[in-house]
Amino acid sequence: MTFVDHRHERDIARELGGPAPYDPTWLGGQARALEVDSVAVARLYGAARDGCDDCRGDALKRLSRVPGEVAALALWACTRVMDVFNDLSMEMLERGDPAFRQLARAYSDSTFRHGFDVRELADLHEVCLRLDPQALQPAAEQALQVLLADAADPVLFGSLTGACTLGDEDDDRDYTLTREIVGSEAVITLTPHAD
């Protein structure tokens, strides 16, 4: 039997240019109340980023036993998508792992109720507590996949184009919304449909 002991420590704050979405600083203390081990979350992410499947699997199993840490990972994943696209994709809300979908919906509902400036880890934690403990690991795995994915990944984030109608009463035309990934940023363009 081979035992691999890698630390895979990451300075997530340095990588992100600020505190991670699960960090007590960013959450205003919520993570401490929910027993989130930010080192465990960072090590899982680090092992996955480093491509160490043994450590990733071990860290994922350990993290999945703690609902607060699964909630923190899901919060981070949803926050990343919001930062890139300014919304959660339909793929996150309607496809993929059922437990992760519940967490994504809880994030979306929390953002709607509390606004973007309130970091409601508690709402996602409540969902994790209601889930079957066996469902936490697949939910954490999908959250990790979202964190690691390229922003143009159509499987996780769907089509980069869609049709929408603006709410402006003076403009009743339909528009096509196009999201294009340029470097590390998403460029959003609204083009009116030709009548």
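- Taking Ala99 as the reference, Asp97, Leu131, Ala135, Ala139 meet the side-chain contact (heavy atoms from CB on, under 4.5 Å) condition, with sequence neighbours excluded.
- To the nearest 0.5 Å, atoms CZ (Arg80) and CG (Leu75) are separated by 14.0 Å.
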**OP:** Check the pair Leu103, Val70 against side chain to side chain contact (heavy atoms under 4.5 Å, CB included), reporting the backbone distance first and the verdict last.
**Re:** CA-CA 9 Å; Leu103 290 165; Val70 175; 4.3 Å; yes

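- In this structure, a donor-acceptor pair under 3.5 Å is present between the side chains of Gln145 and Glu141.
- Counting heavy atoms from C-beta on, the side chains of Met92 and Phe100 come closer than 4.5 Å.
- In this structure, CZ in Arg43 is found 12.5 Å from SG in Cys52, a value given to the nearest 0.5 Å.
- Panel note: side chain Arg105, backbone Leu93; a donor-acceptor pair is recorded below 3.5 Å.
- Sorted pairs that involve residues 125-135 and meet salt bridge (Lys or Arg N to Asp or Glu O under 4.0 Å), not counting sequence neighbours, are lacking altogether.
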**OP:** Give the C-alpha distance, both sets of side-chain angles, the deciding distance and a yes or no for side chain to side chain contact (heavy atoms under 4.5 Å, CB included) between Leu136 and Cys128.
**Re:** CA-CA 7 Å; Leu136 293 176; Cys128 284; 4.0 Å; yes

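- When all heavy atoms of Ala140 and Leu60 are compared, the pair lying nearest together is CB-CD1, 3.7 Å.
- Minimum interatomic distance between Gln137 and Ser64 (heavy atoms only, all atoms of both residues): CA-OG, 3.1 Å.
- Minimum heavy-atom separation, Ala104 to Leu88: O-CD1, 3.4 Å.
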**OP:** Kindly indicate, with the supporting measurements, whether the criterion side chain to side chain contact (heavy atoms under 4.5 Å, CB included) is fulfilled by Asp109 and Asp123.
**Re:** CA-CA 9 Å; Asp109 293 345; Asp123 289 352; over 6 Å; no

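- Under the 4.5 Å side-chain criterion, counting only non-hydrogen atoms from C-beta, Val146 is not in contact with Trp76.
- For Leu148, the side-chain contact (heavy atoms from CB on, under 4.5 Å) criterion is met by Tyr45, Ala48, Arg49, Arg56, Leu144, not counting sequence neighbours.
- Interatomic distance, Asp58 CG to Leu44 CG, rounded to the nearest 0.5 Å: 10.5 Å.
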